[in-house]
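Remember, predicted model here, so these are calculated numbers, not experimental data. The sequence lines fix the lettering, A, B, ..., with proteins before strands; numbering per chain opens at 1.
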Amino acid sequence: MAKNLLIVESPAKAKTIEKFLGADFEVKSSYGHIRDLEKDDMGIDIKKNYAPRYIIPADKQKVVKELKQLTKKSDEVWLATDEDREGEAISWHLCEVLGLDPSKTKRIVFHEITKSAIQNAVKNPRTVDMNLVDAQQARRILDRIVGFEISPVLWRKISMRNSLSAGRVQSVAVRLIAEREREINAFVSSSSFKIEAIFNAEDINKRSVNFKAEGSRRKTEEDAESFLQSCKGATYTVTDIQVKPAKKSPAAPFTTSTLQQEASRKLGYSVSKTMLLAQKLYESGNITYMRTDSVNLSDTAMQDIELHVKKQYGDKYVQQRKYKNKNESAQEAHEAIRPTYIENTTIEDADTKRLYELIWKRTIASQMSDAELEKTIAKISISTNKEELTAQGEVLKFDGFLKVYIEDKDDDDANDEGAEGMLPPLSINQTLKLNELKAIERFTRPAPRYTEASLVKKLEELGIGRPSTYAPTISTVLKRGYVEKRDKEGMLRDYRILLLKNDELKKIKEKETTGAERAKLFPTDLGLVVTDFLKEYFSDVMDYGFTAKIEEEFDEIANGKKEWTKTIDVFYKPFKADVEKTLETAERAKGERELGIDKASGKKVLARMGRYGPMVQIGEVNDDEKPRFAKLKSTQSIETITLEEAMDLFKLPRNLGKFEDEDVTVNIGRFGPFIAHDKKFYSLSKEYDPYSITLEESTPIIEEKRIAKDERTLKVFEKEKIQVLKGPYGPYIKQGLRNYKLTKEQQERAAELSIEEVKKIIEEIKANPPKKSARNKRKT
DNA sequence: CAGTGAGCGAGCTTCCGCTTGACTT
């Protein structure tokens with residue numbers, strides 16, 4: 001038995017550290033937090049000065065039991081949880097649960113998993129910092145209060161059925177998406193004309209090459225036309241040439257947030273996919289910890305990288321760099337995300353290979369020299385007017401870090417002003433041959449909708465959320481139905497070009513696609529209604545600066561300048577009053593909007609949230625006649641739907657005619673468009689439009705589904721209403737609405753199972769229901 | 001699975017931040 005028990009948060013970390021420490025140490029993991037607030041009554045005794053009631057959740061009982069046993073057997077327990085607020089709290093909870101005295105138990109910290117860092121940490125133990133623990137308790141309790149006080153208000157005032165929620169992080173995330181959508185809806189695009197000239201000159205090999213020059217200012221159509229007219233018969237002369245050196249520097253090594261952004265831009269991964277793959281890389285020992293806000297690299301890693309760059313690319317390419325975090329809220333308990341062995345330029349595993357290579361390149365590039373460029377700017381005069389054209393060229397003199405890595409940009413900071421290529425050699429007073437001069441119509445664009453990754457970037461800038469919560473936060477707002485991730489089809493738009501060629505002016509119309517977006521975040525009507533409601537009644541919590549403000553308070557608690565209960569009290573008293581006032585006074589929020597009058601009936605047409613989501617209605621409930629209702633399409637919104645679009649929605653359900661003597665009707669239901677025939681339902685795929693589908697198109701869908709069902713069915717026991725079916729996870733048993741899993745062996749002979757056997761399997765599973773993990777708990 | 005759109009008011013949901021496997025139809 002080892003004399004010392006050392007506890008860290010992550011099991012993968014425990015394994016690595018154990019190797020560094022030798023036989024005197026047994027290293028175990030707490031698997032994160034081991035206690036949490038009880039759910040009943042918020043887990044807080046408001047009247048006893050906000051005293052928290054902690055419990056050990058069911059999924060942590062096993063770990064705690066094991067740690068307790070090991071504690072008894074060990075001479076000394078060392079707490080080596082992460083060096084941040086949460087890590088400090090985990091150490092304190094461990095003391096409480098394992099019966100250790102926090103003022104005596106050895107607490108050690110390290111920011112990097114290297115032998116020297118860990119041995120050094122063991123030589124310099126301290127004790128648990130109770131101020132930091134209190135800051136964490138304040139954070140935890142405030143989040144619980146905000147979430148558990150506001151969510152029930154939403155159940156009462158908006159809807160009970162979809163378990164609505166509100167929270168310090170998620171509600172602000174939804175607000176960002178909601179406000180961006182409204183900005184886009186309100187945006188009025190304007191257009192102007194951009195001047196572009198294509199000239200011709202000789203390059204150093206005396207070959208004739210084309211290059212582009214641009215006018216300095218956008219013009220109206222009239223101005224552009226008169227400018228082009230005035231250029232007829234002009235000569236074009238180079239009046240000035242400037243050559244300037246320029247450089248580009250590599251980006252800092254990856255944090256969780258920047259990794260998510262680049263994996264999204266370069267590999268098209270969702271935030272959760274990136275984290276899943278990064279977790280795999282971490283567990284297999286290929287990269288350092290993937291949930292970090294630090295851009296720091298360990299000294300040993302920096303040395304290894306330097307050696308590798310020297311060997312691979314030569315001394316000229318090396319430049320050691322220490323990066324500083326721009327983000328004030330960073331807690332930097334870990335290193336940046338980097339390969340553990342820099343000499344592994346790639347890995348074999350197909351799933352994680354691309355992400356690994358991205359991390360490898362970014363890490364290597366971060367310690368390489370600047371790229372050196374030469375920028376050339378030539379000014380060109382026009383003999384017939386006073387305008388001036390500018391041609392820009394860029395030559396890469398030394399590639400430096402660009403040899404391995406180029407950071408991508410989001411579309412919102414993309415710069416479409418002239419992709420700069422090479423310029424032929426030019427001299428002052430040189431006359432240029434004009435190929436053509438164009439004025440191209442360009443339109444202003446609204447800010448783009450958020451992607452998962454750009455939302456994470458924004459949240460991080462605001463100091464909202466942590467590396468471990470970015471991906472779960474996005475899942476939450478999607479799951480609650482506040483936000484949807486989807487594509488938007490672009491629209492064709494005309495744009496005009498004025499072209500001057502051979503002194504002849506032509507007007508051309510061309511078409512371009514605009515507004516196409518992929519995998520963007522859209523607020524749902526529910527998200528908009530909830531956001532408006534929260535903004536009206538809980539404006540302080542919804543403020544973009546709220547987290548930053550309370551983080552200052554938490555810092556003061558951590559520095560021992562403030563008592564945590566005081567901070568909570570100052571927040572809670574007015575907040576609770578807001579909650580009560582809202583419950584008393586707030587109207588039920590429906591997001592109602594009047595669209596106009598139905599010509600046929602003369603009644604009002606309204607769009608609003610109904611019990612089952614956004615809908616339109618003709619007439620009102622108090623009218624003599626019952627109103628007619630229709631559900632909005634998934635891409636429509638209460639805020640933007642027009643009267644005409646609303647009236648189209650009432651065209652369903654449609655009766656298509658008879659098939660096998662039964663009516664075929666088409667409608668849009670809970671799960672999208674479907675055909676109903678003979679009391680059975682058939683989903684319509686995207687290629688069919690429920691408003692225009694014909695009887696002839698619908699009958700093959702019915703027939704195909706019948707065949708597919710036959711193939712899926714292995715066995716039917718009519719009398720008992722039991723079926724043996726084939727699913728994506730292999731054969732299983734279905735009785736009524738319940739499914740029963742088969743063992744591997746049973747699956748193999750699924751088609752031969754007898755009714756007795758099947759009944760026995762069902763009985764056994766009913767007697768010993770499979771355990772559902774806490775995380776996968778589902779409503780039944 | 002698929003119709004509804006209001007209201008009896010049962011019973012129940014909900015937060016953020018730390019960590020992994022167990023589980024899925």
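Within 4.0 Å of A:Tyr282, counting heavy atoms only, lie sugar-phosphate atoms of the nucleic acid but no base atom. Looking at heavy-atom distances under 4.0 Å, A:Asp82 makes contact with sugar-phosphate atoms alone, never a base. Counting any heavy atom pair closer than 4.0 Å across all strands shown, A:Gly87 reaches no nucleic acid atom. Here A:Val169 lies in heavy-atom contact (under 4.0 Å) with sugar-phosphate atoms only. Contacts of A:Gly147 with the nucleic acid, taken as non-hydrogen atoms under 4.0 Å apart, include base atoms. Note on A:Arg139: a base of the nucleic acid sits closer than 4.0 angstrom, heavy atoms only. Residue-level contact check: A:Pro11 touches the backbone only, with heavy atoms under 4.0 Å from sugar-phosphate atoms and none from bases. The residue A:Ala166 sits close only to the backbone: its heavy atoms come under 4.0 Å of sugar-phosphate atoms, none of a base. The residue A:Thr469 sits close to a base: some heavy atom pair falls under 4.0 Å. Looking at heavy-atom distances under 4.0 Å, A:Lys626 makes contact with sugar-phosphate atoms alone, never a base. Nucleic acid contact class of A:Arg611 (heavy atoms, under 4.0 Å, all strands): base.
Rounded to an integer number of Å, the gap from A:Leu526 CG to B:dT13 P is 19 Å. A straight line from CD1 of A:Ile44 to P of B:dT14 spans 17 Å, rounded to a whole angstrom. Look at CZ on A:Phe554: it is 13 Å from P on B:dC16, rounded to the nearest Å. Atom CG of A:Leu742 is separated from atom P of B:dT24 by 12 Å (rounded to the nearest Å). Distance, A:Lys479 NZ to B:dC16 P: 12 Å, rounded to whole Å. Spacing between atom OH of A:Tyr612 and atom P of B:dA2 amounts to 12 Å, rounded to whole angstrom units. The separation between A:His93 atom NE2 and B:dG17 atom C1' is 11 Å, rounded to whole Å. One interatomic measurement links the two molecules: NZ of A:Lys631 to C1' of B:dT4, which rounds to 9 Å at whole-angstrom precision.
A cation-pi arrangement is present between A:Arg35 and A:Trp92, with the terminal nitrogen or guanidinium carbon under 6.0 Å from the aromatic centre and inside a 45° cone about the axis.
The nearest heavy atom of DNA chain B to A:Ser468 and to A:Thr476 marks one nucleotide each, and the one closer to the 5' end goes with A:Thr476. Residue A:Gln170 is the one, among A:Pro731 and A:Gln170, whose nearest nucleotide of DNA chain B lies closer to the 5' end (criterion: closest heavy atom).
An OP1 or OP2 oxygen of B:dT14 is reached within less than 4.0 angstrom by no side-chain nitrogen or oxygen of A:Arg144. For A:Arg291 and B:dT20, the shortest distance from a side-chain N or O to OP1 or OP2 is below 4.0 Å. The shortest distance between the side-chain N/O atoms of A:Ser151 and the OP1/OP2 oxygens of B:dC15 is not below 4.0 Å. For A:Arg480 and B:dC15, the shortest distance from a side-chain N or O to OP1 or OP2 is below 4.0 Å. For B:dT19, the OP1/OP2 oxygens have a side-chain nitrogen or oxygen of A:Tyr289 closer than 4.0 Å.
Residue A:Arg139 is tested with A:Glu553, A:Glu551, A:Glu86 for a side-chain hydrogen bond (donor to acceptor under 3.5 Å, both in side chains); the sole match is A:Glu86.
Here B:dA6 is the nucleotide among B:dC15, B:dG17, B:dA6 with the atom lying nearest to any side-chain atom of A:Phe629. Listed nucleotides B:dC18, B:dG21, B:dA6 differ in distance to A:Lys60; the shortest reach to its side chain belongs to B:dC18. Which of B:dT14, B:dC16, B:dT25 sits closest to the side chain of A:Tyr732 comes down to B:dT25. Picking from B:dT14, B:dT20, B:dG17 the nucleotide with the shortest atom distance to the side chain of A:Ser10 gives B:dT20. Picking from B:dT14, B:dC18, B:dG21 the nucleotide with the shortest atom distance to the side chain of A:Glu9 gives B:dC18.
For the pair A:Lys13 and A:Asp82, the salt-bridge criterion is met [side-chain N within less than 4.0 Å of a carboxylate O].
By the 6.0 Å contact criterion, NZ on A:Lys157 is enclosed, its count of non-hydrogen atoms from other residues, nucleotides or ligands being greater than 12.
The aromatic ring of A:Phe148 sits over the base of B:dT14, with ring centres less than 5.5 Å apart and planes inclined by under 30°. For A:Trp155 and B:dT13, the ring-to-base geometry satisfies the stacking test (centroid distance below 5.5 Å, interplanar angle below 30°).
No side-chain donor from either of A:Thr255 and A:Asp293 sits under 3.5 Å from a side-chain acceptor of the other.
Ring planes of A:Phe575 and A:Phe538: tilted class, angle from 30 to 60°. Ring geometry for A:Tyr682 against A:His677 counts as tilted: the plane angle lies between 30° and 60°, on a 0 to 90° scale.
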